[in-house]
Trainee: 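Shown below is the structure under consideration.
Keep in mind that what you see is a predicted model, and the values were worked out from it rather than measured. Every heavy atom of this structure was used, including side-chain atoms; hydrogens, water molecules and symmetry mates were not.
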2 protein chains.
Amino acid sequence: MAHEHDHSDACPGCAAPPQVAFARHDHSHCAGDVLARAEALAEAQGARLTPVRRRVLEILLEEHRALGAYDVLQRLAAEGFGNQPPVAYRALDFLVENGLAHRIRRLNAFAACMHPGEDHAPVFLICRECNHVAEAPAAPVRAAVDAVAASLGFTVERSNIEAMGLCPACRGTAS
Amino acid sequence: MAHEHDHSDACPGCAAPPQVAFARHDHSHCAGDVLARAEALAEAQGARLTPVRRRVLEILLEEHRALGAYDVLQRLAAEGFGNQPPVAYRALDFLVENGLAHRIRRLNAFAACMHPGEDHAPVFLICRECNHVAEAPAAPVRAAVDAVAASLGFTVERSNIEAMGLCPACRGTAS
DNA sequence: CTTGACATGTTATTGTATAACATACATAGG
DNA sequence: CCTATGTATGTTATACAATAACATGTCAAG
Ligand SMILES: [Zn+2]
Ligand SMILES: [Zn+2]
Ligand SMILES: [Zn+2]
Ligand SMILES: [Zn+2]
């Protein structure tokens, strides 16, 4: 489980962020679901989801938002894991490398992947007001990138597609 | 002029990068052209292209590649401008803000905009071998991003679209 | 048991970016 | 002319992000 408490109760980890996500997903259970899928995926790939790595993934899922490496590190240290930057960076890099998390370059931060296993080329929508990050599937976007790259003879291997703007909640408030 | 020397001669600034860009543009004159357009654009927008700012833009154009803020700073200092980080960051931020340069987050670097004034949503193609960066127009990509954002009620204001991969030259070499 | 591969941990350093404040310079209003 | 105001530049200092290099621990193959 991603949380130490019953998920059907008020969930501090999930409910905490005031900006409760603009994506329409089952927020109260997504963390647990994703973690289960992530475990299966790691197993299938022969990747070892060790305690630190797993805990980092859980932390990202519990927060349900983008966290800086040092934020993660702080939590790890409080739980008895190493308290030096490489501990966090190595675990985060592992997760990114294995498709279990993403790096949000605009924020110098990391977020759990909400669709592990599904071969996806995600677009990240970042609200400039509440800082909430949504991971949206974007096959068409990736296709368009590939097309323009191909026209220049460039071969795309990885891509970061990040958009800043206003989420529905914050756009309403701003009026 | 962007250069102190006659551009029809061998141009150290322009010819230097071994990887001569995979985009098909007139490299020997693009810097001068872009600078001229940038000046006109700044004028039109009421933005003041002061000596430092202009010099930073020239540096980016001369190198014709993505430069870190500290690379730029080093050159500025060598020419008698301030030698502290904010000097470079402020000029670079100004250029980005006014559409005269772009920030390549993946590289923690900045590059002159090759199409100033044209309302463009650029895609950056970054070669992992030679580090060359090409700025490709990408209206279809931006449209796709807008579409997925709209479906979630998100309003896109700015976007970073960066792709890592192999440029034509390096793909040939790698074989 | 020894070896090798890999994960974790630590120390130290490098690289990137901004806060806060001081100074210069223009230009508009009195 | 002179001062107020806005904006640009410069400096010091610090915060934030990432990696290099090395030491220790763990486990499984040979
Ligand atoms: Zn949740
Ligand atoms: Zn928001
Ligand atoms: Zn050139
Ligand atoms: Zn290349």
Trainee: Who are the salt bridge (Lys or Arg N to Asp or Glu O under 4.0 Å) partners of B:D146, not counting sequence neighbours?
Mentor: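 Per chain and number, B:D146 pairs via salt bridge (Lys or Arg N to Asp or Glu O under 4.0 Å) with B:R142.
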Trainee: Would you say C:dT10 has OP1 or OP2 under 4.0 Å from some side-chain N or O of A:N83?
Mentor: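 Yes, A:N83 has a side-chain N/O under 4.0 Å of OP1/OP2 on C:dT10.
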Trainee: Going by salt bridge (charged side-chain N to carboxylate O under 4.0 Å, His left out), name the pairs with one or both residues in residues 44-53 of chain B, residues two or more places apart or in two chains.
Mentor: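 Qualifying pairs, neighbours excluded: none.
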Trainee: Just jot down the side-chain hydrogen bond (donor to acceptor under 3.5 Å, both in side chains) partners of A:D71, sequence neighbours excluded, or say none.
Mentor: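 With sequence neighbours excluded, A:D71 shows a side-chain hydrogen bond (donor to acceptor under 3.5 Å, both in side chains) to no residue whatsoever.
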Trainee: I need the CG-P distance between B:D71 and C:dG15, as an integer number of Å.
Mentor: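 It works out to 10 Å between those atoms.
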Trainee: Not counting sequence neighbours, which residues clear side-chain hydrogen bond (donor to acceptor under 3.5 Å, both in side chains) with A:E118? List them please.
Mentor: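 Testing A:E118 for side-chain hydrogen bond (donor to acceptor under 3.5 Å, both in side chains), a comparison that skips the adjacent residues, returns A:R37.
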Trainee: What is the distance, to the nearest angstrom, from the CG atom on B:L92 to the P atom on D:dT9?
Mentor: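 Atom-to-atom, B:L92 to D:dT9, this comes out as 12 Å.
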Trainee: How long is the line joining CD1 of B:I104 and P of C:dT16, in whole Å?
Mentor: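 So the CD1-P distance, B:I104 to C:dT16, works out to 14 Å.
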Trainee: Roughly how many Å is it from CG in B:L67 to P in C:dG15, rounded to a whole number?
Mentor: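 From B:L67 CG to C:dG15 P: 16 Å.
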Trainee: Using the ring pair (Phe, Tyr, Trp, His ring centres under 6.0 Å) criterion, which residues pair with A:F124? Sequence neighbours excluded.
Mentor: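 A:H102.
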Trainee: Provide a list of protein-nucleic acid N or O atom pairs under 3.5 angstrom, restricted to nucleotides 6-8 of chain D.
Mentor:
| from | atom 1 | to | atom 2 | distance (Å) |
| --- | --- | --- | --- | --- |
| D:dA8 | O5' | B:R53 | NH2 | 3.3 |

Trainee: Nearest whole angstrom, please: distance from the P of C:dT16 to the CG of B:L73.
Mentor: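 Taking CG of B:L73 and P of C:dT16, I get 12 Å after rounding.
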Trainee: Strictly under 3.5 Å: I want the nitrogen or oxygen pairs between protein and nucleotides 16-21 of chain D, one per line.
Mentor:
| from | atom 1 | to | atom 2 | distance (Å) |
| --- | --- | --- | --- | --- |
| D:dA17 | N7 | A:Y70 | OH | 3.4 |
| D:dA18 | OP1 | A:R103 | NH2 | 2.8 |
| D:dA18 | OP2 | A:Y89 | OH | 2.7 |
| D:dA18 | O5' | A:Y89 | OH | 3.3 |
| D:dA18 | N7 | A:Y70 | OH | 2.8 |

Trainee: Looking at B:A47 and B:N98, what are the two nearest heavy atoms and their distance?
Mentor: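 Smallest heavy-atom distance, with atoms named: CB-ND2, 3.3 Å.
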Trainee: Could you list the residues that satisfy side chain to side chain contact (heavy atoms under 4.5 Å, CB included) with B:P85, not counting sequence neighbours?
Mentor: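 With neighbours one apart ignored, the set is B:Y70, B:L73, B:Y89.
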Trainee: Please name all residues satisfying side chain to side chain contact (heavy atoms under 4.5 Å, CB included) with A:A38, sequence neighbours left out, ordered by chain then number.
Mentor: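 In terms of side chain to side chain contact (heavy atoms under 4.5 Å, CB included), with neighbours along the sequence ignored, A:A38 is linked to A:L57, A:L100.
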Trainee: Provide, to the nearest angstrom, the distance between the CG atom belonging to A:L95 and the P atom belonging to C:dA7.
Mentor: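 Going from A:L95 (CG) to C:dA7 (P), I get 12 Å.
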